[in-house]
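Reminder, nothing fancy here: chain letters follow the sequence lines and each chain counts from 1. As the structure is a prediction and not an experimental result, all values here were calculated from the model.
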Protein chains: 2
Amino acid sequence: MKETALCPRLSKAMDLIGKRWVGLILYELLEGPKRFNEIESSLPISGRLLSERLKELEKEGLVERQVYTEVPVRVEYSLTEMGLSLKGAIDAIEIWSKRWL
Amino acid sequence: MKETALCPRLSKAMDLIGKRWVGLILYELLEGPKRFNEIESSLPISGRLLSERLKELEKEGLVERQVYTEVPVRVEYSLTEMGLSLKGAIDAIEIWSKRWL
DNA sequence: TTCATAACTTACTTTTCGTAACTTACTATA
DNA sequence: TATAGTAAGTTACGAAAAGTAAGTTATGAA
C-alpha cells in the first residue's frame, strides 16, 4: 500500500460503500427497517456475508440493530441518520442505472 | 447465487461501482483525462489492479482509452458520457464523506 | 421427544487482491 | 555497440475475502 495525497474521508467513504453488497444492503434499508431474513431473501447474498456486513455497518454507525425477544427472536436493522443521508448517492446510482444499463 | 426480485440494472450498477477502487478511479477521471501512471500514483492501487479495472471500465463503456505513439508511449484514459454521468453519484458520496467521516 | 423458526456461526473451497519482479518498444547516452 | 531510462503494462505467487453448505442456540408447539 502506497502513500497518497488522496482525501482520507473520501477514501474511507469509497471503502465503505464500495465494499461488495453494501450499496444493495443500504438500498434495501432505505425502504425502512428490515429483518435479517428479509434482507437475505431480497438479495443474492449469503447469511455469512450479510451478518459480516451488517456488523461493519453497525460499527461504522450507518445501521442500527434492534432485538425483539419474541419467539423465535426477531432482529430488525434500520438506518441511522448517517446511513439515511446516503440516500442521495444511492438514488443517483439508481437513476444512472436506469438511464445507462 | 440465489434468484432475486432485485432490479438487474441497479444490481449491475452496484456491481460496477461497488467494485474495489472503481469509485476512486472514476473520481480521478472526473478531473479530466489522465495517464496510467498519473492514476496509479494518485491512488494506493497497484498497476496490476489498475490495469484490470481500466479494462473492465472500458469494456463497460464508462472509460475511453487513447494511445499516443510518442516515445515512450503515452496512454490517456478519460470518461465517456456514460462515465461522466456518474458525477452526481460520486459528488454525493464526497459530500457525505465530508459531513460524516 | 421431535419439529419448527430466526438469526447467526463454522468449516471448507474458490476467487480476488497485494506485492514485486519482469517485459516490450524505442531513444538517448557513453 | 552496449547500457540505461521511461511508460505502460503483465506474470507469478502467497494472503485475504467471498461463496456454499451444514451446524448451532433458544424457545415453544405438536
Side-chain angles (χ1 to χ4, degrees), chain A residues 1-4 6 8 11-12 14-29 32-60 63-79, chain B residues 1-4 6 8 11-12 14-26 28-29 32-60 62-79:
Chain A
M1 214 74 23
K2 296 175 307 188
E3 270 308 304
T4 68
L6 186 63
S11 179
K12 172 152 196 191
M14 290 294 187
D15 240 46
L16 277 171
I17 298 170
K19 205 155 211 170
R20 195 153 201 198
W21 303 116
V22 166
L24 290 172
I25 291 170
L26 295 176
Y27 180 81
E28 290 297 321
L29 292 180
K34 290 203 178 185
R35 306 172 64 161
F36 188 91
N37 277 343
E38 263 184 295
I39 305 173
E40 191 180 9
S41 50
S42 305
L43 300 176
I45 188 179
S46 68
R48 191 182 82 67
L49 273 198
L50 179 56
S51 170
E52 200 173 300
R53 289 295 182 268
L54 287 170
K55 260 181 210 161
E56 289 173 45
L57 291 173
E58 194 190 356
K59 175 167 152 265
E60 297 295 335
V63 162
E64 249 167 16
R65 180 173 184 269
Q66 176 74 234
V67 180
Y68 299 89
T69 41
E70 304 169 355
V71 169
V73 67
R74 179 160 60 102
V75 179
E76 280 194 353
Y77 294 89
S78 56
L79 296 179
Chain B
M1 216 76 10
K2 296 176 306 186
E3 270 310 304
T4 67
L6 187 64
S11 180
K12 174 154 195 190
M14 290 295 187
D15 239 46
L16 278 172
I17 298 169
K19 206 156 210 169
R20 192 152 203 200
W21 303 116
V22 166
L24 289 172
I25 291 170
L26 296 175
E28 290 297 320
L29 291 179
K34 291 205 178 183
R35 305 173 65 162
F36 188 89
N37 276 343
E38 264 184 296
I39 306 173
E40 192 180 9
S41 49
S42 305
L43 299 177
I45 186 179
S46 67
R48 189 181 86 66
L49 272 197
L50 178 57
S51 170
E52 201 173 300
R53 289 294 182 270
L54 287 170
K55 263 182 207 159
E56 290 173 44
L57 291 174
E58 194 190 356
K59 176 167 151 265
E60 297 294 336
L62 284 85
V63 161
E64 249 167 16
R65 181 174 185 269
Q66 176 73 236
V67 180
Y68 299 89
T69 41
E70 303 168 355
V71 169
V73 68
R74 179 160 60 101
V75 179
E76 280 193 354
Y77 293 89
S78 57
L79 295 179

Taking side chain to side chain donor-acceptor pair (under 3.5 Å) as the definition, give me every residue that meets it alongside B/Glu52, ordered by chain and number, with sequence neighbours left out.
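Testing B/Glu52 for side chain to side chain donor-acceptor pair (under 3.5 Å), a comparison that skips the adjacent residues, returns B/Arg48.
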By salt bridge (Lys or Arg N to Asp or Glu O under 4.0 Å) - contacts of [X] (at least two apart):
{"X": "B/Lys12", "value": "B/Glu60"}
{"X": "A/Lys34", "value": "A/Glu28, A/Glu31"}
{"X": "B/Glu76", "value": "B/Arg74"}

Mark yes or no for whether [X], through its side chain, and [Y], through its backbone, hold a donor-acceptor pair below 3.5 Å.
{"X": "B/Arg20", "Y": "B/Leu49", "result": "no"}
{"X": "A/Glu58", "Y": "A/Lys55", "result": "no"}
{"X": "A/Ser51", "Y": "A/Gly47", "result": "no"}

Which dot-bracket notation, 5' to 3', represents the base pairing of DNA chain C when pairs are defined as Watson-Crick or G-U with both distances under 3.5 Å, crossing pairs as [ ], and inter-strand pairs as |?
||||||||||||||||||||||||||||||
State which of C/dA6, D/dG9, C/dG18 makes the closest approach to the side chain of A/Asn37.
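That would be C/dA6.
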As a test of reading the structure: which of C/dA6, D/dA8, D/dG9 is closest to the side chain of B/Ser51, going by heavy atoms?
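When the side chain of B/Ser51 is considered, D/dG9 is the closest of C/dA6, D/dA8, D/dG9.
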Counting only side-chain nitrogens and oxygens, does [X] get under 4.0 Å of the OP1 or OP2 atom of [N]?
{"X": "B/Tyr77", "N": "D/dA7", "answer": "no"}
{"X": "B/Arg53", "N": "C/dC17", "answer": "yes"}
{"X": "B/Lys19", "N": "D/dA17", "answer": "no"}
{"X": "B/Arg20", "N": "C/dG18", "answer": "yes"}

Is the shortest side-chain N to carboxylate O distance from A/Lys19 to A/Glu56 below 4.0 Å?
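Salt bridge present between A/Lys19 and A/Glu56.
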Tell me: [atom1] of [X] to [atom2] of [N], nearest whole Å?
{"X": "B/Trp21", "N": "D/dA16", "atom1": "CH2", "atom2": "P", "result": "16 Å"}
{"X": "B/Glu76", "N": "D/dA7", "atom1": "CD", "atom2": "P", "result": "14 Å"}
{"X": "B/Leu49", "N": "D/dA15", "atom1": "CG", "atom2": "P", "result": "17 Å"}
{"X": "B/Glu38", "N": "D/dG9", "atom1": "CD", "atom2": "P", "result": "13 Å"}
{"X": "A/Leu54", "N": "C/dA7", "atom1": "CG", "atom2": "P", "result": "11 Å"}
{"X": "B/Leu50", "N": "C/dT16", "atom1": "CG", "atom2": "P", "result": "18 Å"}
{"X": "A/Arg65", "N": "C/dA7", "atom1": "CZ", "atom2": "P", "result": "9 Å"}
{"X": "A/Glu52", "N": "D/dT20", "atom1": "CD", "atom2": "P", "result": "15 Å"}

Can you pull every protein N or O that's under 3.5 Å from an N or O on nucleotides 20-27 of chain C?
none

Roughly how far, to the nearest 0.5 Å, is the CD1 atom of A/Ile25 from the CG atom of A/Leu79?
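Answer for the CG-CD1 pair, A/Leu79 versus A/Ile25, is 11.0 Å.
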